[in-house]
Protein chains: 2
Amino acid sequence: MTKTQGAASLPLNQILRGDCIDAMDSLPAASIDLIFADPPYNLQLKGALHRPDNSQVDAVDDAWDQFSSFSAYDQFTRAWLKAARRVLKPDGAIWVIGSYHNIFRVGTALQDAGFWILNDVVWRKTNPMPNFKGKRLTNAHETMIWAGRDEGSKYTFNYDALKALNEGVQMRSDWTLPICSGHEREKDKDGNKAHPTQKPQSLLHRVLVGTTRPGDVVLDPFFGSGTTGAVAKMLGRDFIGCERDESYITVAERRLARVRKLDKSALEVTQSKRAEPRVPFGQLVERGMLRPGEKLVNARGQIAKVRADGTLVADQLTGSIHQVGAALDGAPSCNGWTYWSFTREGQKVPIDILRQQIRAEMR
Amino acid sequence: MTKTQGAASLPLNQILRGDCIDAMDSLPAASIDLIFADPPYNLQLKGALHRPDNSQVDAVDDAWDQFSSFSAYDQFTRAWLKAARRVLKPDGAIWVIGSYHNIFRVGTALQDAGFWILNDVVWRKTNPMPNFKGKRLTNAHETMIWAGRDEGSKYTFNYDALKALNEGVQMRSDWTLPICSGHEREKDKDGNKAHPTQKPQSLLHRVLVGTTRPGDVVLDPFFGSGTTGAVAKMLGRDFIGCERDESYITVAERRLARVRKLDKSALEVTQSKRAEPRVPFGQLVERGMLRPGEKLVNARGQIAKVRADGTLVADQLTGSIHQVGAALDGAPSCNGWTYWSFTREGQKVPIDILRQQIRAEMR
DNA sequence: TATTCATATGAATCATCGT
DNA sequence: CACGATGATTCATATGAAT
């Protein structure tokens with residue numbers, strides 16, 4: 001299918017084979033409404049990584065993620081961004097997703113090329129891979145940059161749609177969503193994951209609902225398994241994908257054939273009521289609601305002292321509020337939140353009151 | 001107070017007046033354990049912003065946040081990072097906080113200068129300022145970059161303390177904390193906020209508990225209202241601040257005078273097992289806790305026999321508790337201490353229990 | 001059918017010390 | 001510096017078998 005766009009026409013809802021720069025250069029200038037790009041992250045992993053149970057992590061070690069230096073990665077980034085900028089309409093916008101390995105290079109290149117950053121958005125993963133060796137923090141998020149083509153671009157932003165998606169509260173710059181797994185994950189003929197870094201549809205759903213209109217043309221220069229195309233088709237947007245790996249193209253085409261455009265009623269999303277958020281006891285210390293060194297007391301008048309990392313000490317015992325409570329009672333377990341009290345103005349107050357305060361703030 | 005550091009001495013727990021580059025250049029090389037930097041964000045705000053109720057937002061429009069171009073900001077960033085890198089110990093690390101206006105420039109400059117990014121950490125604000133005009137997403141987070149001085153730096157990471165702070169679950173790269181407000185916010189003599197961008201103590205608490213040791217020297221090149229110094233003092237770390245604005249120095253010094261160091265027991269945090277002394281398995285045999293010839297068993301019921309020199313035999317296999325365990329599982333490695341159990345009174349007991357007994361005696 | 005248990009796995013720059 | 005030995009280390013889901 002093609003669409004007349006000014007004097008030229010666009011190869012809509014197709015995957016363009018080969019290098020994305022060549023593919024974008026073949027399109028007319030100022031013809032695209034939105035670009036979503038998931039470029040290589042330049043991970044540069046060294047050796048194999050094993051889980052504590054000795055299973056090996058299936059790492060992203062594909063040739064397409066290998067660059068010889070930051071400088072080589074920058075050159076690559078600036079080249080594809082230049083081609084991307086040419087095909088964008090003056091009021092068009094771009095999203096790029098990445099991790100700390102590459103996102104700072106991408107952000108700098110975007111600003112240097114004249115794009116105007118509108119927000120950086122954090123995708124908080126509900127189920128990230130842990131840090132198996134305990135040497136760093138769990139890498140639990142990825143970063144997306146949303147930018148207009150120019151400082152003055154009149155970008156599309158469906159404020160009320162996103163507010164509705166967020167239970168009537170203005171959508172924030174941090175999005176909590178699970179990684180792509182289960183039925184949603186595309187498999188090859190052996191049942192293995194067909195693409196190492198398939199993005200969840202929920203992420204693209206939010207991007208496209210929030211920053212495109214029905215009938216808009218969305219370009220994805222690194223199409224991969226085709227999540228952008230699948231969600232675009234479902235939401236009644238047109239897409240153009242670029243991909244140089246034939247096996248990914250095969251997977252994406254099979255996937256796209258399965259996708260049906262949603263009717264209006266199906267588009268209405270139902271939000272599940274989220275459970276009460278977990279509040280670590282240490283947060284009461286960090287936030288100064290309890291001082292390190294402060295004394296807590298249980299119903300029998302036994303005392304424990306708070307430490308800077310949110311653990312307690314009582315007699316010879318050390319551990320979490322739950323562990324120390326259980327040990328003092330000789331019980332297998334204990335709810336520390338209701339077990340311990342602190343003192344304010346001569347009154348004993350259960351520490352759970354403080355947790356409730358934090359939860360109230362989080363809402 | 002000063003501390004002898006090699007041949008030179010450090011102006012500990014003081015605020016150095018003037019430009020931070022000059023101040024850092026006056027310090028000896030390789031003398032600082034950790035740097036926490038909250039540089040200008042280069043916001044480049046245009047006009048005044050009003051809330052829906054027509055009150056005006058008190059914007060960050062200070063002269064110190066004005067740069068003529070991205071290039072000028074980059075030059076500034078690369079200059080202070082160079083000075084910062086010189087004063088860091090080889091195994092030192094740096095934290096830099098910023099927003100999408102500047103953090104991509106900072107991250108690129110860090111990587112180009114040879115720092116090695118360990119994590120990017122998202123500070124999710126529980127109570128961010130909304131987007132009043134409904135033109136973008138609520139800017140609800142800021143980004144921190146944590147980086148070692150070099151790729152191979154043996155940075156400090158108190159994994160177990162952070163895990164304890166997070167209720168026994170590995171700490172993630174997204175931290176949900178409220179902004180600094182209320183009585184924590186430093187006020188000037190008119191009762192107005194004394195600094196436009198004061199950071200919450202909870203943020204620094206987590207940074208310093210997680211990535212410094214008691215007695216470490218923490219440098220903050222953009223000291224401002226002195227949050228880094230206040231939390232460092234409280235946690236028994238030494239600090240050095242740099243600040244060129246006399247009014248901020250006045251505020252910070254008044255604030256620091258109020259802060260009390262926590263007592264020792266409150267400062268102790270959960271220790272890593274790696275810090276425990278190493279106990280050779282042979283010592284269990286020497287001490288008669290296990291007899292030569294005694295049988296050990298793994299989870300699958302496979303048996304190995306203890307020899308007088310502290311090696312094991314199973315089938316044709318001989319070697320350390322780790323080597324025989326790994327070989328039986330066909331695994332690349334194995335922690336023999338948790339892999340093997342012995343029998344006492346009909347009960348299977350992990351041999352690690354015996355190691356813990358020896359360690360308890362050593363204390 | 002409901003519940004429990006065991007197993008698999010995800011964009012990861014993932015160890016340290018002594019010889 | 002290279003190498004070998006020691007030994008520390010995981011969270012949330014999805015899936016499928018067993019009860």
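Just so we're on the same page: letters track the sequence lines, and every chain starts at 1. Just so it is clear, the values below take in all heavy atoms, side chains as well, and ignore hydrogens, waters and symmetry mates. The structure presented is a predicted model; accordingly, all values stated were derived computationally and were not measured.
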Peer 1: If you check every side-chain atom of A:D53, which of C:dG10, C:dT9, C:dC14 has the closest atom?
Peer 2: C:dT9
Peer 1: Does D:dA2 pair with anything, Watson-Crick or G-U wobble, both distances under 3.5 Å, and if so, with which nucleotide?
Peer 2: C:dT19
Peer 1: Using the P atom in both, what is the distance from D:dT9 to C:dA11, to the nearest Å?
Peer 2: 25 Å
Peer 1: Can a side chain N or O of A:T126 be found less than 4.0 Å away from OP1 or OP2 on D:dT13?
Peer 2: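 Answer yes for this pair, as a side-chain N or O of A:T126 is under 4.0 Å from OP1 or OP2.
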Peer 1: Check every atom of D:dT9, C:dA12, C:dG10 against the side chain of A:P52 and return the nucleotide holding the closest atom.
Peer 2: D:dT9
Peer 1: Looking at C:dA12, C:dA11, D:dT10, which one has an atom nearest to any side-chain atom of A:H101?
Peer 2: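 Of the options given, the side chain of A:H101 lies nearest C:dA12.
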Peer 1: With a 4.0 Å cut-off on heavy atoms, is A:D38 in touch with a base, just the backbone sugar-phosphate, or nothing at all?
Peer 2: base
Peer 1: Tell me yes or no: between the side chains of B:R172 and A:T138, is some donor less than 3.5 Å from an acceptor?
Peer 2: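 Per modelled atom types, B:R172 and A:T138 side chains form no pair under 3.5 Å.
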Peer 1: Tell me what A:H183 touches on the nucleic acid: a base, only sugar-phosphate, or nothing, going by heavy atoms under 4.0 Å.
Peer 2: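 If one applies the 4.0 Å heavy-atom cut-off, A:H183 turns out to touch the sugar-phosphate alone, with no base involved.
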Peer 1: Among the candidates D:dG7, C:dA15, C:dA11, find the nucleotide nearest to the side-chain atoms of B:R355.
Peer 2: D:dG7
Peer 1: Return the value, rounded to whole Å, for the distance between atom CG of B:D120 and atom P of C:dA12.
Peer 2: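 Distance check: B:D120 CG to C:dA12 P gives 14 Å.
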Peer 1: With a non-hydrogen cut-off below 4.0 angstrom, is A:P39 in contact with a base, only sugar-phosphate, or nothing?
Peer 2: base
Peer 1: Applying a 3.5 Å limit to both distances, which nucleotide forms a Watson-Crick or G-U wobble pair with D:dA12?
Peer 2: C:dT9
Peer 1: Return the pairing partner of D:dT19 with a 3.5 Å limit on both distances, Watson-Crick or G-U wobble; otherwise return none.
Peer 2: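 Pairing partner: C:dA2.
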Peer 1: Just to confirm, is there a sub-4.0 Å distance from OP1 or OP2 of D:dT10 to any side-chain nitrogen or oxygen of B:K163?
Peer 2: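 For D:dT10, OP1 or OP2 has a side-chain N or O of B:K163 closer than 4.0 Å.
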Peer 1: Report yes or no: do A:T227 and A:R255 form a side-chain donor-acceptor pair below 3.5 Å?
Peer 2: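 Yes.
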Peer 1: On DNA chain D, nearest-nucleotide positions of B:Q170 versus A:K133: which is more 5'?
Peer 2: A:K133
Peer 1: Let's test this: given Watson-Crick or G-U wobble pairing with both distances under 3.5 Å, identify the partner of D:dG7.
Peer 2: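 When the pairing criteria are applied, nothing turns out to pair with D:dG7, so the answer is none.
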Peer 1: At under 4.0 Å between heavy atoms, what does A:C180 touch on the DNA or RNA strands: base, sugar-phosphate, or nothing?
Peer 2: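 Touches nothing.
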Peer 1: Any side-chain N or O of A:K135 less than 4.0 Å from the OP1 or OP2 oxygen of C:dT16?
Peer 2: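 Checking C:dT16 against A:K135, a side-chain N or O does come within under 4.0 Å of OP1 or OP2.
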Peer 1: Quantified in whole Å, what is the C1' atom distance between nucleotide C:dC14 and nucleotide C:dG10?
Peer 2: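 Looking at atom C1' only, C:dC14 and C:dG10 are 15 Å apart.
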Peer 1: Whole-Å distance between D:dG4 P and B:Q323 CD?
Peer 2: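 Distance check: B:Q323 CD to D:dG4 P gives 12 Å.
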Peer 1: Contact class for B:R172 vs. all strands (heavy atom < 4.0 Å): base, sugar-phosphate, or nothing?
Peer 2: nothing
Peer 1: Apply the test side chain to side chain contact (heavy atoms under 4.5 Å, CB included) to residues A:V122 and B:D174: give CA-CA distance (whole Å), side-chain angles for both, the deciding distance (0.1 Å), then the verdict.
Peer 2: CA-CA 9 Å; A:V122 172; B:D174 55 297; 5.7 Å; no
Peer 1: Which part of the nucleic acid, if any, lies within reach of A:P128 when heavy atoms closer than 4.0 Å are counted: base, sugar-phosphate only, or nothing?
Peer 2: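 The residue A:P128 makes base contact.
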Peer 1: Using a distance-only criterion (donor-acceptor N/O pair, under 3.5 Å, no hydrogens), is the base of D:dA8 paired with the side chain of B:S333?
Peer 2: yes
Peer 1: Please evaluate the base of C:dA11 for a donor-acceptor partner in the side chain of A:K125 within a cut-off of under 3.5 Å?
Peer 2: no
Peer 1: Heavy atoms only, 4.0 Å cut-off, all strands: where does A:R136 land among base, sugar-phosphate and nothing?
Peer 2: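 Base: the residue A:R136, judged by heavy atoms under 4.0 Å, touches a nucleobase.
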Peer 1: With a 4.0 Å cut-off on heavy atoms, is A:N139 in touch with a base, just the backbone sugar-phosphate, or nothing at all?
Peer 2: sugar-phosphate
Peer 1: As a test of reading the structure: which of D:dT13, C:dA11, D:dT10 is closest to the side chain of A:N127, going by heavy atoms?
Peer 2: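 Of the options given, the side chain of A:N127 lies nearest D:dT13.
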Peer 1: Distance check needed: C:dT9 P versus A:Q198 CD, whole Å only.
Peer 2: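 Those two atoms, CD and P, are 16 Å apart.
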Peer 1: With a 3.5 Å cut-off and no angle check, do the side chains of A:N131 and B:Y159 form a donor-acceptor pair?
Peer 2: no
Peer 1: Respond yes when some side-chain nitrogen or oxygen of B:Y159 is under 4.0 Å from OP1 or OP2 of D:dT10, and no when none is.
Peer 2: yes
Peer 1: B:E276 has an atom CD; how far is it from atom C1' of D:dT6, in whole Å?
Peer 2: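 Atom-to-atom, B:E276 to D:dT6, this comes out as 16 Å.
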Peer 1: Is the closest side-chain donor-acceptor distance between A:H101 and A:S99 under 3.5 Å?
Peer 2: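 There is such a pair (donor and acceptor under 3.5 Å, judged by atom type) between the side chains of A:H101 and A:S99.
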Peer 1: I want to verify a distance call: between D:dA5, D:dA8, C:dC14, whose nearest atom is closest to the B:R359 side chain?
Peer 2: D:dA8
Peer 1: Would you check if the distance from the ring center of A:F222 to the ring center of A:W80 is below 6.0 Å?
Peer 2: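 Between A:F222 and A:W80, the centre distance is under 6.0 Å.
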Peer 1: Are A:W95 and A:W146 close enough that their ring centres sit under 6.0 Å apart?
Peer 2: yes
Peer 1: Looking at every strand, decide which applies to B:I321 at a 4.0 Å heavy-atom threshold: base, sugar-phosphate, or nothing.
Peer 2: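 If one applies the 4.0 Å heavy-atom cut-off, B:I321 turns out to touch nothing in the nucleic acid.
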Peer 1: Counting any heavy atom closer than 4.0 Å, what does A:K199 reach on the DNA or RNA strands: base, sugar-phosphate only, or nothing?
Peer 2: base
Peer 1: Remember a base hit wins even if backbone is also touched, and classify B:G336 as base, sugar-phosphate or nothing at under 4.0 Å, heavy atoms.
Peer 2: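 No contact.
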Peer 1: May I ask you to evaluate whether B:H322 reaches the phosphate of D:dT6, defined as a side-chain N or O under 4.0 Å from OP1 or OP2?
Peer 2: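 Answer is no, no contact under 4.0 Å.
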Peer 1: Measure NZ/B:K273 against P/D:dT10 and give the value in whole Å, please.
Peer 2: 9 Å
Peer 1: Just checking B:E151: base, sugar-phosphate only, or nothing, at a heavy-atom cut-off of under 4.0 Å?
Peer 2: nothing
Peer 1: Could you pick out which residue, B:Y155 or A:S181, lies toward the 5' side of DNA chain C when each is mapped onto its nearest nucleotide?
Peer 2: A:S181
Peer 1: Name the nucleic acid region contacted by A:T197, choosing base, sugar-phosphate or nothing; use a 4.0 angstrom heavy-atom cut-off, strictly under.
Peer 2: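 The answer is base, as A:T197 lies within the cut-off (heavy atoms under 4.0 Å) of a base atom.
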Peer 1: Testing the basics here: between B:A30 and B:P90, what is the closest heavy-atom pair and its distance to 0.1 Å?
Peer 2: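 It is CB-CD, 4.2 Å.
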Peer 1: Answer with base, sugar-phosphate or nothing: what part of the nucleic acid does A:K46 contact at a heavy-atom distance below 4.0 Å?
Peer 2: nothing
Peer 1: Would you say the side-chain atoms of A:Y41 and A:N102 include a donor-acceptor pair closer than 3.5 Å?
Peer 2: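 A:N102 and A:Y41 do not have a side-chain donor-acceptor pair below 3.5 Å.
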Peer 1: Kindly say whether, by distance alone, the side chain of B:R278 makes a donor-acceptor pair under 3.5 Å with the base of C:dG18?
Peer 2: no
Peer 1: Can you measure A:R51 atom CZ to D:dT13 atom C1' for me and round it to whole angstrom units?
Peer 2: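 Atom-to-atom, A:R51 to D:dT13, this comes out as 13 Å.
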Peer 1: Among C:dC14, C:dA12, D:dT6, which nucleotide has an atom closest to any side-chain atom of B:S320?
Peer 2: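 Nearest to the side chain of B:S320 among the choices is D:dT6.
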Peer 1: Roughly how far apart, to the nearest Å, are C:dT9 and D:dA8 at atom P?
Peer 2: 27 Å
Peer 1: Calculate the interatomic distance between A:L49 atom CG and C:dA11 atom P; express it in whole Å.
Peer 2: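 To the nearest whole Å, that distance equals 14 Å.
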Peer 1: Could you tell me how far apart A:D190 (CG) and C:dT9 (P) are, to the nearest whole angstrom?
Peer 2: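 Going from A:D190 (CG) to C:dT9 (P), I get 13 Å.
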